[in-house]
**Student:** 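Pasting a structure below so you can have a look.
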Amino acid sequence: MLLNYCCPWQLSELHMMKINQTVLKEFILVGFSVYPHAQTFLFVVFFCLYLPTLTGNLAIMGLTWVDRYLHTPMYLFLSALSFSETCYTLTIIPKMLANLLAKDRSISSIGCGLQMCFFLGLGGTNCMILTLMGYDRFLAICNPLRYPLLMTNMVCGKLVASAWIVGFIISVIETALIFRGSFCNPNLVKHFFCHMRAVVRLSCLDSDFTEFIVTMISVSGLMGTFLVIILTYVFILSTVLKIPSAEGKQKAFSTCASHLTVVIIHFGFASIVYLKPEASGGDDTVIAVPYTVVTPFLSPLIFSLRNKDMKNAFRKALGKKFLE
């Protein structure tokens with residue numbers, strides 16, 4: 001009845017809004033298609049980075065499982081991080097590799113939502129597990145006598161489970177905010193996966209406000225966990241400096257070196273993605289590569305190559321295999 005009282009130009013505007021606000025059943029991941037001559041080369045590079053990433057994380061999980069000497073909170077946290085990063089890379093990299101060789105780069109709206117939810121959830125879980133690893137080192141160095149009572153394997157498991165729960169609660173909220181409305185044509189996602197910023201810009205609702213909200217949630221989580229890690233290392237540093245012997249200081253620092261290196265790389269690359277001003281320009285697809293491909297590649301290398309216990313466990317595993 002209300003439409004009878006509308007002016008012709010209002011009816012036309014409503015008609016155009018209905019056309020534009022089509023319920024999209026799929027998105028097209030533009031990705032690296034803007035670089036048509038480099039796609040084969042990029043496939044080879046990313047595949048060569050992904051294979052050792054997957055192998056390294058699986059090796060860390062396997063060694064932690066079979067070697068009883070590694071059944072301690074520090075290595076259980078490391079194994080949990082490796083599992084989380086394995087799932088994290090599986091969420092986006094296989095699809096990216098397939099799209100580099102395929103002509104059809106479509107992804108269903110449900111698939112896009114699931115990919116986004118798992119990417120955000122696992123990314124948040126990684127940040128929180130890195131924070132828990134810093135807290136574990138803080139207890140071990142600053143409270144060595146109470147450490148066995150405060151950080152048991154049971155406590156470690158509960159903390160890791162909490163990290164997963166919190167990470168996915170936040171990701172479900174962000175994904176729900178982005179997919180709560182309809183999307184307007186064109187359905188081109190200017191990224192190699194369903195990145196929240198790239199998808200939210202296609203929303204027919206107030207995309208600027210939604211983008212601001214979900215970005216603030218991600219930045220708050222990122223900066224919050226990073227500040228907690230920095231705080232733990234301030235206490236660690238103050239405790240280590242009080243150790244009288246140089247050998248004791250070196251031993252204490254060596255237990256934190258790998259974790260601190262991964263933290264700097266992880267949060268450094270992530271901050272470039274999420275703290276980059278909108279007006280600064282740059283290709284978001286290329287900017288996301290270090291955070292989504294390079295960081296997961298470096299993480300298992302740093303933790304395994306700089307860790308004597310992990311290398312000894314690997315030698316023992318190889319020795320048993322050859323003896324058999």
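We number each residue from 1, following the sequence as shown.
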**Student:** I would like to know whether Arg105 and Phe192 meet side chain to side chain contact (heavy atoms under 4.5 Å, CB included); could you show each step before the answer?
**Tutor:** CA-CA 9 Å; Arg105 299 182 177 86; Phe192 58 84; over 6 Å; no

**Student:** Under a single-linkage definition using a 4.5 Å side-chain heavy-atom cutoff for Ile, Leu, Val, Met, Phe, Trp and Tyr, are Met133 and Val228 assigned to the same hydrophobic cluster?
**Tutor:** no

**Student:** Do Leu139 and Leu149 sit in the same hydrophobic cluster, where Ile, Leu, Val, Met, Phe, Trp and Tyr count as joined when their side-chain heavy atoms come under 4.5 Å apart?
**Tutor:** no

**Student:** Can the ring centres of Phe118 and Tyr88 be said to be less than 6.0 Å apart?
**Tutor:** no

**Student:** Could you give the distance from CZ (Phe27) to CD (Gln115), rounded to the nearest 0.5 Å?
**Tutor:** 11.5 Å

**Student:** Count the heavy atoms of every other residue, nucleotide or ligand shown that sit under 6.0 Å from CZ of Phe83, and state whether that count exceeds 12.
**Tutor:** no

**Student:** Aromatic ring centroids of Tyr233 and His259 under 6.0 Å?
**Tutor:** yes

**Student:** I'd like to check Pro300 versus Glu85 (side-chain heavy atoms, cut-off strictly below 4.5 Å). Are they in contact?
**Tutor:** yes

**Student:** Check for me, please, whether Val219 and Ile217 land in the same ILVMFWY cluster - side-chain distances under 4.5 Å, paths through other members count.
**Tutor:** yes

**Student:** Set out, in order, the CA-CA distance, both residues' side-chain angles and the distance that settles side chain to side chain contact (heavy atoms under 4.5 Å, CB included) for Phe138 and Val234, then state yes or no.
**Tutor:** CA-CA 9 Å; Phe138 161 74; Val234 169; over 6 Å; no

**Student:** Look only at the side chain of Ser271 and the backbone of Gly268, and say whether a donor-acceptor pair between them is shorter than 3.5 Å.
**Tutor:** yes

**Student:** Tell me, do Ile265 and Ile302 make a side-chain contact under 4.5 Å, heavy atoms counted?
**Tutor:** yes

**Student:** The test is side chain to side chain contact (heavy atoms under 4.5 Å, CB included); show your working for Ile272 and Ile287 and say whether it passes.
**Tutor:** CA-CA 7 Å; Ile272 294 173; Ile287 292 172; 3.7 Å; yes

**Student:** Step by step, work out the side chain to side chain donor-acceptor pair (under 3.5 Å) result for Ser218 and Glu174.
**Tutor:** CA-CA 9 Å; Ser218 295; Glu174 289 180 305; 2.6 Å; yes

**Student:** Taking the side chain as everything from C-beta on, heavy atoms only, tell me whether Phe46 gets closer than 4.5 Å to Met96.
**Tutor:** yes

**Student:** Please tell me whether Leu101 and Tyr35 are part of a single hydrophobic cluster in this structure, the criterion being side-chain heavy atoms less than 4.5 Å apart.
**Tutor:** yes

**Student:** Relative to each other, are the rings of Trp164 and Phe168 parallel, tilted or perpendicular (30° and 60° limits)?
**Tutor:** parallel

**Student:** Return the minimal non-hydrogen interatomic distance between Thr292 and Ala288, and the atom names on each side.
**Tutor:** OG1-O, 2.8 Å

**Student:** Applying side chain to side chain donor-acceptor pair (under 3.5 Å), run through Thr210 and Arg180 and close with a yes or a no.
**Tutor:** CA-CA 10 Å; Thr210 305; Arg180 76 186 191 278; 3.2 Å; yes

**Student:** Roughly how far, to the nearest 0.5 Å, is OG of Ser84 from CG of Leu122?
**Tutor:** 5.0 Å

**Student:** Looking at Gln39 and Leu100, what are the two nearest heavy atoms and their distance?
**Tutor:** OE1-O, 3.4 Å

**Student:** Quick check: does any side chain N or O of His71 sit under 3.5 Å from a backbone N or O of Trp65, one acting as donor and the other as acceptor?
**Tutor:** yes

**Student:** Taking the side chain as every heavy atom from C-beta outward, state whether Pro73 and Tyr147 have any atom pair closer than 4.5 Å.
**Tutor:** yes

**Student:** Might you point out which heavy atoms bring Leu70 and Thr64 nearest each other, and give the distance in Å?
**Tutor:** O-CG2, 3.9 Å

**Student:** Which value, rounded to the nearest 0.5 Å, describes the distance between Ser245 atom OG and Ile243 atom CD1?
**Tutor:** 7.0 Å

**Student:** Side-chain contact, heavy-atom cut-off 4.5 Å: Ser33 with Val30?
**Tutor:** yes

**Student:** Looking only at non-hydrogen atoms, find the nearest pair between Ala163 and Thr125 and report the distance.
**Tutor:** O-OG1, 3.7 Å

**Student:** Counting only N and O atoms by type, is there a donor-acceptor contact under 3.5 Å from the side chain of Asn57 to the main-chain atoms of Thr53?
**Tutor:** yes

**Student:** Return yes if some donor-acceptor pair links the side-chain N/O of Ser299 with the main-chain N/O of Pro296 below 3.5 Å, else return no.
**Tutor:** no

**Student:** Is the backbone of Phe235 close enough, under 3.5 Å, to the side chain of Ser238 for a donor and an acceptor to pair up by distance?
**Tutor:** yes

**Student:** Any heavy-atom pair between the side chains of Phe297 and Tyr50 that's under 4.5 Å?
**Tutor:** no

**Student:** Can you see which heavy atom on Ser171 is nearest to which on Gly121, and at what distance?
**Tutor:** CB-N, 3.2 Å

**Student:** Answer whether the closest heavy-atom distance between the side chains of Leu114 and Cys194 falls below 4.5 Å.
**Tutor:** no

**Student:** Is the centre of the Phe303 ring less than 6.0 Å from the centre of the Tyr75 ring?
**Tutor:** no

**Student:** Could you tell me the separation between the CE atom of Met223 and the CE atom of Met216, rounded to the nearest 0.5 Å?
**Tutor:** 10.5 Å

**Student:** Any idea which heavy atoms bring Leu222 and Thr225 closest together, and the distance?
**Tutor:** O-OG1, 3.0 Å

**Student:** So do Cys127 and Phe267 actually touch side chain to side chain, heavy atoms under 4.5 Å?
**Tutor:** yes

**Student:** With rounding to the nearest 0.5 angstrom, report the CE to OG distance, Met74 to Ser79.
**Tutor:** 12.5 Å

**Student:** Given the rule in the side chain to side chain contact (heavy atoms under 4.5 Å, CB included) test, do Val155 and Lys158 qualify, once you have shown the distances and angles that lead to the verdict?
**Tutor:** CA-CA 5 Å; Val155 171; Lys158 290 180 179 179; 5.7 Å; no

**Student:** For atom CD of Glu26, is the number of surrounding heavy atoms from other residues, nucleotides or ligands below 6.0 Å larger than 12?
**Tutor:** yes

**Student:** Using 0.5 Å steps for rounding, measure from the OG1 atom of Thr239 to the CD1 atom of Ile141.
**Tutor:** 8.0 Å

**Student:** For the hydrophobic clusters of this structure (ILVMFWY residues joined by side-chain heavy atoms under 4.5 Å, transitively), does one cluster hold both Ile129 and Leu76?
**Tutor:** no

**Student:** Can you tell me if Ser203 uses its side chain to pair, donor with acceptor, with the backbone of Phe183 under 3.5 Å?
**Tutor:** no

**Student:** Is Thr152 reaching over with its side chain to a backbone N or O of Pro148, donor-acceptor style, under 3.5 angstrom?
**Tutor:** no

**Student:** So with a 6.0 Å cut-off around CD1 of Ile110, is the heavy-atom count from everything else above 12?
**Tutor:** no

**Student:** For the residue pair Phe47 and Phe43, categorise the inter-ring angle as parallel (less than 30°), tilted (30 to 60°) or perpendicular (more than 60°).
**Tutor:** parallel

**Student:** May I ask you to decide if the ring planes of His195 and Phe119 are parallel, tilted or perpendicular, using 30° and 60° as cut-offs?
**Tutor:** tilted

